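Beneath this line is the structure, given in structure tokens, with notes to follow.
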There are 2 protein chains.
Amino acid sequence: MDTEPTKIPQATAKRLPLYYRFINNLHSQGKLRVSSKELSEAVKVDSATIRRDFSYFGALGKKGYGYNVEYLLSFFRKTLDQDETTEVALIGVGNLGTAFLNYNFTKNNNTRIQVAFDADKRRVGTEVGGVKVEHIDDFENKIENIKVAILTVPSNAAQGMAERLIEAGVTAILNFTPARITVPPHVRVHHIDLAVELQALVYFLKHYPLEDGEEEE
Amino acid sequence: MDTEPTKIPQATAKRLPLYYRFINNLHSQGKLRVSSKELSEAVKVDSATIRRDFSYFGALGKKGYGYNVEYLLSFFRKTLDQDETTEVALIGVGNLGTAFLNYNFTKNNNTRIQVAFDADKRRVGTEVGGVKVEHIDDFENKIENIKVAILTVPSNAAQGMAERLIEAGVTAILNFTPARITVPPHVRVHHIDLAVELQALVYFLKHYPLEDGEEEE
DNA sequence: CTTACTATGTGAAACATTTAACGACTTCTC
DNA sequence: GAGAAGTCGTTAAATGTTTCACATAGTAAG
Ligand SMILES: NC(=O)c1ccc[n+]([C@@H]2O[C@H](COP(=O)([O-])OP(=O)(O)OC[C@H]3O[C@@H](n4cnc5c(N)ncnc54)[C@H](O)[C@@H]3O)[C@@H](O)[C@H]2O)c1
Ligand SMILES: NC(=O)c1ccc[n+]([C@@H]2O[C@H](COP(=O)([O-])OP(=O)(O)OC[C@H]3O[C@@H](n4cnc5c(N)ncnc54)[C@H](O)[C@@H]3O)[C@@H](O)[C@H]2O)c1
């Protein structure tokens, strides 16, 4: 569990799944080795940043050679716990929820939406993307071991649902509603606020014109 | 256009739409004033950070009083160009694309999806969320003034479509595909990689257990 | 074996962002 | 109208992240 030598910076941790995916792609393509420069072009992260990120885990590469794809892949598979599947619950089978269920993060992935809940009786009992939709009132009985939830309910239901989730043992929530939910300190919430993302993009477009030569994240 | 005194930090710029939304809420609720502390609790951003963010735009508040909601709202409306609507095109009317069309970022918002495109002839001609779906081959004729595109096509079509978009004059892309696209320097791309977000959340859950007292973004 | 090349891993610098702390001014209360 | 309480705006410190640049060690080739 505490395999890490010391704590990895958060910025690095957020890039790990990205690295993993691209290393996986290289592996499928039969590539045997890769340099930080090549990887940099693929994932659009500065090559020095990649080397620094990798170096937090020790010396994964060889000087003058680069990184062995096979080794890198197996290292990240271990580090990202790709061998054990994490079960996820989805709350709110509306527009967004349905899209996620149909997708279900199946490829190259250790996460799977195991069960979905909705308040609308017409949806309950149906199956979307191979996942059964249960009624939200049965919810406490059906999530036993699940620690991670995706929240795609209307925003006015978000805080209340979050509290029920936490009460039932959930400790990580991916919140797609615009509501900023309040949770106890042991619970982790990541907000993905799509309207904000779009507006921020427009703001940048208008106020930070990219002159040639400037790049970004 | 260059109304800003000096360049605002990117981290601040990304929070502006969030502030705007909450100030808007307060205004609808009839609140007349608000302190950085109250706002902090609502948006989950440290109050010092909020004061610092606002201060980039000059002195918006009054000492000992806080901020006048009406004034703040009208200031941000101006700053975020909420009076002119930005037209957006959506490419790829699949699971995700359909969800976005049905939602269409209508509330409190200056962005609107004006037109959608798909390669599948069965979808063309239909209307989703009040937006007409056009065939991707008619695309160059129909986006005239549009500068912003949301990309929700399969990942193997992403790079090619991005190039066509840019060729047609698009300069900002919100990319939901896992592909990291390559674009010329004058084009801005924001990646929203949902699978990565979910995996990162799981990684944090397992490797960065939150002890009581720790909070985060 | 020797020489030329390559690409890592990292110290140090640069840059960006957040947080603490507090003086100054406003409002509120009596 | 005086004193207490409240809250901004900002200076300075702390923290976090990215990038530069290069010594070092391994590869590749003759
Ligand atoms: N669709 C988008 O593109 C989009 C974009 C940005 C933000 N969002 C946000 O994501 C959330 C979901 O959006 P959507 O478009 O899927 O909405 P939606 O209305 O289509 O879906 C919400 C679903 O939640 C169900 N629901 C309501 N209360 C519930 C409860 N207490 N427990 C369980 N289920 C409940 C409803 O029956 C419905 O099926 C909203 O908060 C929305 O603001 C959506
Ligand atoms: N659905 C999700 O929850 C989810 C999650 C993470 C990532 N993604 C990514 O988002 C993207 C879209 O996902 P989705 O589930 O909506 O896929 P989807 O297959 O349901 O939709 C893709 C749509 O794009 C259309 N299309 C294909 N080629 C096109 C082209 N050249 N021009 C225009 N349209 C074209 C297809 O006809 C289809 O309607 C994918 O890259 C996927 O990896 C989706």
Side-chain angles (χ1 to χ4, degrees), chain A residues 4-16 18-19 23 26 31-72 75-76 200 204 207-208 213-217, chain B residues 4-16 18-19 23 26 31-72 75-76 200 204 207-208 213-217:
Chain A
E4 275 73 52
T6 177
K7 277 250 176 98
I8 304 305
Q10 298 226 353
T12 297
K14 288 192 184 163
R15 284 188 290 264
L16 297 181
L18 184 62
Y19 294 148
I23 294 162
L26 292 177
K31 276 208 105 195
L32 297 178
R33 67 155 156 169
V34 64
S35 68
S36 61
K37 186 139 169 294
E38 281 176 278
L39 212 43
S40 170
E41 272 147 35
V43 301
K44 314 289 180 198
V45 171
D46 187 89
S47 70
T49 300
I50 293 177
R51 292 201 299 284
R52 166 83 62 211
D53 283 347
F54 286 9
S55 79
Y56 290 116
F57 298 97
L60 303 182
K62 276 211 225 134
K63 302 194 177 190
Y65 175 87
Y67 300 90
N68 179 293
V69 172
E70 184 95 32
Y71 178 73
L72 218 47
F75 181 83
F76 276 108
F204 278 115
H207 297 266
Y208 293 63
E214 209 184 326
E215 297 280 311
E216 35 94 49
E217 170 247 29
Chain B
E4 275 71 51
T6 175
K7 274 241 177 107
I8 304 304
Q10 298 225 354
T12 297
K14 288 192 184 164
R15 284 188 290 265
L16 298 181
L18 184 62
Y19 294 147
I23 294 163
L26 292 176
K31 277 209 107 196
L32 297 179
R33 68 153 153 169
V34 63
S35 68
S36 61
K37 188 140 165 295
E38 281 176 279
L39 212 43
S40 170
E41 272 147 37
V43 300
K44 314 288 178 199
V45 171
D46 187 89
S47 70
T49 301
I50 292 177
R51 290 202 300 282
R52 158 90 59 231
D53 283 347
F54 286 9
S55 79
Y56 290 117
F57 298 97
L60 304 182
K62 277 214 216 109
K63 304 193 177 190
Y65 175 87
Y67 301 91
N68 179 294
V69 171
E70 184 96 31
Y71 178 73
L72 218 47
F75 180 84
F76 276 109
F204 277 113
H207 297 266
Y208 293 64
E214 211 184 324
E215 296 282 310
E216 33 94 49
E217 169 252 26

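Order of the sequence lines sets the chain letters (A, B, ...), proteins ahead of strands, with each chain counted from 1. On a predicted model such as this, the values are computed, not experimentally measured, just so you know.
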I'd like to compare against my own output: the B/S/- annotation of nucleotides 1-6 of chain C with a strict under-4.0 Å heavy-atom distance to protein.
-----B
Please enumerate all residues that pass salt bridge (charged side-chain N to carboxylate O under 4.0 Å, His left out) together with B:K31, with sequence neighbours excluded.
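Scan of B:K31 (salt bridge (charged side-chain N to carboxylate O under 4.0 Å, His left out), adjacent residues dropped) gives B:E38.
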Find every protein N or O atom lying less than 3.5 Å from an N or O atom of nucleotides 18-20 of chain C, and list the pairs.
from	atom 1	to	atom 2	distance (Å)
C:dT18	OP1	B:R15	NH1	3.2
C:dT18	OP2	B:R15	NH1	3.3
C:dT18	OP2	B:R15	NH2	2.9
C:dT19	O4	B:R52	NH2	2.9

Quick one: list whatever passes side-chain hydrogen bond (donor to acceptor under 3.5 Å, both in side chains) with [X], sequence neighbours left out.
| X | value |
| --- | --- |
| A:S36 | A:R51 |
| B:E41 | none |
| B:K63 | none |

Distance check: side-chain N/O of B:K62 vs OP1/OP2 of C:dC25, anything under 4.0 Å?
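For C:dC25, neither OP1 nor OP2 has a side-chain N or O of B:K62 closer than 4.0 Å.
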Looking for any heavy atom pair under 4.0 Å, which part of the strands does B:Y67 touch: base, sugar-phosphate only, or nothing?
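If one applies the 4.0 Å heavy-atom cut-off, B:Y67 turns out to touch the sugar-phosphate alone, with no base involved.
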Which residues satisfy the ring pair (Phe, Tyr, Trp, His ring centres under 6.0 Å) test with A:F76, sequence neighbours excluded?
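With sequence neighbours excluded, A:F76 shows a ring pair (Phe, Tyr, Trp, His ring centres under 6.0 Å) to A:F54, given in chain and number order.
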Among residues at least two apart in sequence or on other chains, which ones pass side chain to side chain contact (heavy atoms under 4.5 Å, CB included) with [X]?
| X | result |
| --- | --- |
| A:A13 | B:Y203, B:F204, B:Y208 |
| B:T12 | B:I8, B:P9, B:R15, B:L16, B:D53, B:Y56 |
| A:A200 | B:P17 |

Opening and closing nucleotides of DNA chain D in contact with chain A, under 4.0 Å to non-hydrogen atoms
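First and last nucleotides in contact are D:dT17 to D:dA28.
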In degrees, rounded to 10°, what is the bend between the two ends of the helix from C:dC1-D:dG30 to C:dC30-D:dG1, using five pairs at each?
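That helix gives 30° between its end axes.
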Out of A:Y71, A:Y65, A:Y67, which residue meets the side chain to side chain contact (heavy atoms under 4.5 Å, CB included) rule with A:R33?
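So, applying the side chain to side chain contact (heavy atoms under 4.5 Å, CB included) to A:R33 and each of A:Y71, A:Y65, A:Y67, only A:Y65 qualifies.
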Which pair of non-hydrogen atoms, one from B:S40 and one from B:S47, has the smallest distance, and what is that distance?
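Here B:S40 and B:S47 meet closest at OG-N, 3.5 Å.
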4.5 Å side-chain heavy-atom contact, B:V34 and B:I23:
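In short, these two side chains do not touch, never coming nearer than 4.5 Å.
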Going by heavy atoms in the side chains, are A:V43 and A:I50 under 4.5 Å from each other?
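Yes, at least one pair of side-chain atoms sits under 4.5 Å.
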Closest nucleotide of DNA chain D for B:S55 versus for B:E38: which of these residues is on the 5' side?
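Here B:E38 is the residue nearer the 5' end.
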Once you round it to whole Å, what is the distance between P of C:dT27 and CG of B:N68?
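Taking atom P of C:dT27 as the reference, CG of B:N68 is at 11 Å.
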Whole angstroms only, please: what is the CD1-C1' distance between B:I50 and C:dT17?
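Interatomic distance, CD1 of B:I50 to C1' of C:dT17: 15 Å.
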Taking it one step at a time, do A:L72 and A:Y19 satisfy side chain to side chain contact (heavy atoms under 4.5 Å, CB included)?
CA-CA 10 Å; A:L72 218 47; A:Y19 294 148; over 6 Å; no
